[in-house]
Asker: 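Structure provided below as structure tokens; questions to follow.
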Amino acid sequence: MKTITVKSLTEAFRLEVLAGSSRMDRVINRPRTHRPGLEFVGYFDFFPMERVQVLGRKEITYLLTLTVEERKLHIGNIVKYHPPCFIVTSGQQEIPYLTLFCDQEGIPLLRTTETTTEFITKLDSYLVKALAPEVSIHGVCVNVSGIGILLRGKSGIGKSETAHTLIRRGHRFVADDIVVLKKLGPSTLLGTHNETTREFLALRSVGLINVVRQYGRKAFQDETRIVLDIELSPWQENSLNNELEVVPQFTEYLGVQIPHMEIQLQPGRDVAGLIEAAANNWYLKQLGYSAAEEFMKRIENEMQ
């Protein structure tokens, strides 16, 4: 199971540390936050104590309506479960009682000036990605007209050169050589780089190039949802390469099935153009259109 520390979360969002600074090494292993509203009124069934606890204006305002003894009781009941940390939103100031409890129990108390809704949206997205199951594979990742594509094939087959051609045609580069795949949901696979290779593309006979320096910021993006898995392979003379409609095939990564297709290479073939066509064809299929089906209907109409 992947984990991150409260310290890394604090640095990522530039949070203010109010208490529990000695325990910034506490571990976060759940991808969603929680607002402990029901818990403050004494209902602890299904309390997700492993999650980051976010305290917005509703929670803080409620606590301020209580007597000192009631406040101690309600806060103490939550603190004893030792969640990873508490985060107070909207820069709220009237919380010395929380500081006291968190210092006593060694639980980081953090604060942000962002509103509750905005902050939770950003934090949940960050945690989902940071804690997502992942795998690294050899390949190239590009975004063609908004469609994430994973290019695979043996070393030297031309993956990086093809990506370079796509970049020059206005598409975006994501990762070369090592592509990190993250599972964000049952059917969602995210492709990104491993930070070390960020923005770098290796071209045989040329060497490393920095895509952003050469082609500008618009030529690169950090991540993309993978919807097509394309394998580049050598041309085979005896294989059938002119099917009217390719039988759907899939490649599975982390339990997520991605539509797969093979493009055989031959001198003179516009591989980048074929990839653009494959991306556009995939998009049209999502809209319910199939060129093969329309063609067959025309044939049927002519035969009637």
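All residue numbers refer to positions in the sequence shown, counting from 1. All figures in this text were calculated on a predicted structure; none of them were measured in a lab.
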Asker: Give a yes or no on whether the backbone of A291 and the side-chain of K285 come within a donor-acceptor separation of less than 3.5 Å.
Answerer: no

Asker: For G91 and Q93, which heavy atoms make the closest approach, and how far apart are they?
Answerer: O-NE2, 3.0 Å

Asker: When you look at CD of Q286, are more than 12 heavy atoms from neighbouring residues, nucleotides or ligands closer to it than 6.0 Å?
Answerer: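 Correct, the count exceeds 12.
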
Asker: If you measure from CZ on F250 to CD on Q257, what distance do you get to the nearest 0.5 Å?
Answerer: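 So the CZ of F250 and the CD of Q257 are separated by 6.0 Å.
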
Asker: Dump the intermediate steps for side-chain contact (heavy atoms from CB on, under 4.5 Å) on L98 and F86, then the final yes or no.
Answerer: CA-CA 9 Å; L98 283 171; F86 291 98; 5.8 Å; no

Asker: Out of curiosity, E50 CD to H82 NE2, how far, rounded to the nearest 0.5 Å?
Answerer: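 It comes to 14.0 Å.
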
Asker: For a quick test of reading the model, state the closest non-hydrogen atom pair linking C141 to T224 and the distance between them.
Answerer: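 Minimum heavy-atom separation between C141 and T224: SG-CG2, 3.6 Å.
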
Asker: Is there a donor-acceptor pair closer than 3.5 Å between any side-chain N or O of T112 and the backbone N or O of E114?
Answerer: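 Yes, the answer is positive, given that a donor and an acceptor are paired below the 3.5 Å cut-off.
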
Asker: For the residue pair P108 and P84, what are the closest heavy atoms and their distance?
Answerer: CD-O, 3.5 Å

Asker: Apply side-chain contact (heavy atoms from CB on, under 4.5 Å) to the pair V41 and Y62, showing each step before the final yes or no.
Answerer: CA-CA 10 Å; V41 296; Y62 170 73; 3.5 Å; yes

Asker: I'd like to know if the side chain of K182 reaches the main chain of L190, judged simply by a donor and an acceptor atom lying under 3.5 Å from each other, with no hydrogens or angles considered.
Answerer: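 The answer is no, because no donor-acceptor pair under 3.5 Å joins these two groups.
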
Asker: Considering non-hydrogen atoms only, spot the tightest contact between S160 and A202 and give its length.
Answerer: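 Scanning both residues completely, I find the closest heavy atoms to be CB-O, 3.1 Å.
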
Asker: Would you say Y126 ends up clustered with V180 if hydrophobic residues are merged whenever their side chains have heavy atoms under 4.5 Å apart, either directly or through other cluster members?
Answerer: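 No, it is not one cluster - the side chains of V180 and Y126 are not joined through contacts under 4.5 Å.
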
Asker: Provide the closest heavy-atom pair for A163 versus L201 in the form atom of the first, atom of the second, distance.
Answerer: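 Nearest pair, atom of A163 first, then L201: CB-CD1, 4.4 Å.
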
Asker: Using 4.0 Å as the upper bound for N to carboxylate O, is an ion pair formed by R204 and E161?
Answerer: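 Looking at R204 together with E161, the answer is no, because their closest N to O distance does not fall below 4.0 Å.
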
Asker: With a 4.0 Å cut-off on N to O distance, would you call D222 and R198 a salt bridge?
Answerer: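 Here D222 pairs with R198 in a salt bridge, since their nearest N and O are under 4.0 Å apart.
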
Asker: Might you confirm whether atom CZ of F46 has over 12 heavy atoms from other residues, nucleotides or ligands at distances under 6.0 Å?
Answerer: no

Asker: Where is the tightest heavy-atom contact between T33 and R51, given as atom of each residue plus distance?
Answerer: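 Heavy atoms only, the tightest pair is O-NH1, 3.8 Å.
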
Asker: Report, as yes or no, whether the 6.0 Å neighbourhood of atom OH on Y283 holds more than 12 heavy atoms from other residues, nucleotides or ligands.
Answerer: no

Asker: Quick check for you: to the nearest 0.5 Å, what is the distance between T192 atom OG1 and L181 atom CG?
Answerer: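 T192 OG1 to L181 CG: 9.5 Å, rounded to 0.5 Å.
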
Asker: Rounded to the nearest 0.5 Å, how far apart are OG1 of T89 and CZ of F119?
Answerer: 8.0 Å

Asker: Are a donor atom and an acceptor atom from the side chains of S233 and Q264 found within less than 3.5 Å of each other?
Answerer: no

Asker: Have H171 and E276 got a donor and an acceptor in their side chains that come within less than 3.5 Å?
Answerer: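 There is such a pair between these side chains.
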
Asker: Atom OG1 of T115 and atom CD1 of I120: how far apart are they, to the nearest 0.5 Å?
Answerer: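 Reported value, rounded in 0.5 Å steps: 9.0 Å.
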
Asker: Would you say the side-chain atoms of T121 pair up with the backbone N or O of T117, donor to acceptor, closer than 3.5 Å?
Answerer: yes

Asker: In terms of heavy-atom contacts, does NZ of K7 have more than 12 from other residues, nucleotides or ligands at under 6.0 Å?
Answerer: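 No, not enclosed.
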
Asker: Taking only Lys NZ, Arg NE, NH1 and NH2, and the carboxylate oxygens of Asp or Glu, determine whether R23 and E105 approach each other closer than 4.0 Å.
Answerer: no

Asker: Between K2 and E134, does any side-chain N to carboxylate O distance fall below 4.0 Å?
Answerer: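 Salt bridge present between K2 and E134.
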
Asker: Using side-chain contact (heavy atoms from CB on, under 4.5 Å), reason through L127 and I4 one step at a time and then give a plain yes or no.
Answerer: CA-CA 9 Å; L127 291 175; I4 62 171; 3.7 Å; yes

Asker: With a 4.0 Å cut-off, would you call D229 and R152 a salt bridge?
Answerer: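 So D229 pairs with R152 through a salt bridge.
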
Asker: Determine yes or no for a side-chain-to-main-chain donor-acceptor pair under 3.5 angstrom, with R225 supplying the side chain and L189 the backbone.
Answerer: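 Flag not set: sc R225 to bb L189 has no pair under 3.5 Å.
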
Asker: Does the separation of the ring centres of F220 and Y215 fall below 6.0 angstrom?
Answerer: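 Between F220 and Y215, the centre distance exceeds or equals 6.0 Å.
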
Asker: Considering only NZ, NE, NH1 and NH2 on the basic side and carboxylate oxygens on the acidic side, decide whether R298 and E302 come within less than 4.0 Å.
Answerer: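 Answer for the salt bridge query: no.
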
Asker: Does R217 have any salt bridge (Lys or Arg N to Asp or Glu O under 4.0 Å) partners at least two apart in sequence or in another chain, and if so, which?
Answerer: E199

Asker: Would you say E223 and H193 are linked by a side-chain donor-acceptor pair, where the criterion is simply a distance under 3.5 Å?
Answerer: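 Judged by distance alone, the side chains do not pair up.
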
Asker: Would you call D270 and R169 a salt bridge, taking side-chain N to carboxylate O under 4.0 Å as the test?
Answerer: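 Here D270 pairs with R169 in a salt bridge, since their nearest N and O are under 4.0 Å apart.
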
Asker: To the nearest 0.5 Å, how far apart are CD1 in I299 and CD in E294?
Answerer: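 That separation rounds to 11.5 Å.
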
Asker: Could you go through Q53 and R35, starting from their C-alpha distance and side-chain angles, then the distance that decides it, and tell me whether this counts as side-chain contact (heavy atoms from CB on, under 4.5 Å)?
Answerer: CA-CA 6 Å; Q53 306 296 313; R35 297 182 68 176; over 6 Å; no

Asker: Can you see whether T5 engages D25 through a side-chain donor-acceptor pair at a distance of less than 3.5 angstrom?
Answerer: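 Side chains of T5 and D25: no pair found under 3.5 Å.
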
Asker: Under the side-chain hydrogen bond (donor to acceptor under 3.5 Å, both in side chains) rule, what do H74 and E39 come out as? Steps first, then yes or no, please.
Answerer: CA-CA 8 Å; H74 289 299; E39 288 74 23; over 6 Å; no

Asker: With no hydrogens and no angle check, is any side-chain donor or acceptor of R172 less than 3.5 Å from a backbone partner on N143?
Answerer: no

Asker: Looking at H138 and D177, would you say the former's side chain and the latter's main chain have a donor-acceptor pair under 3.5 Å?
Answerer: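 Yes: the side chain of H138 pairs with the backbone of D177.
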
Asker: Quick one: list whatever passes side chain to side chain donor-acceptor pair (under 3.5 Å) with N194, sequence neighbours left out.
Answerer: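 Partners of N194 by the side chain to side chain donor-acceptor pair (under 3.5 Å) criterion, ordered by chain and then number, come out as T197.
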
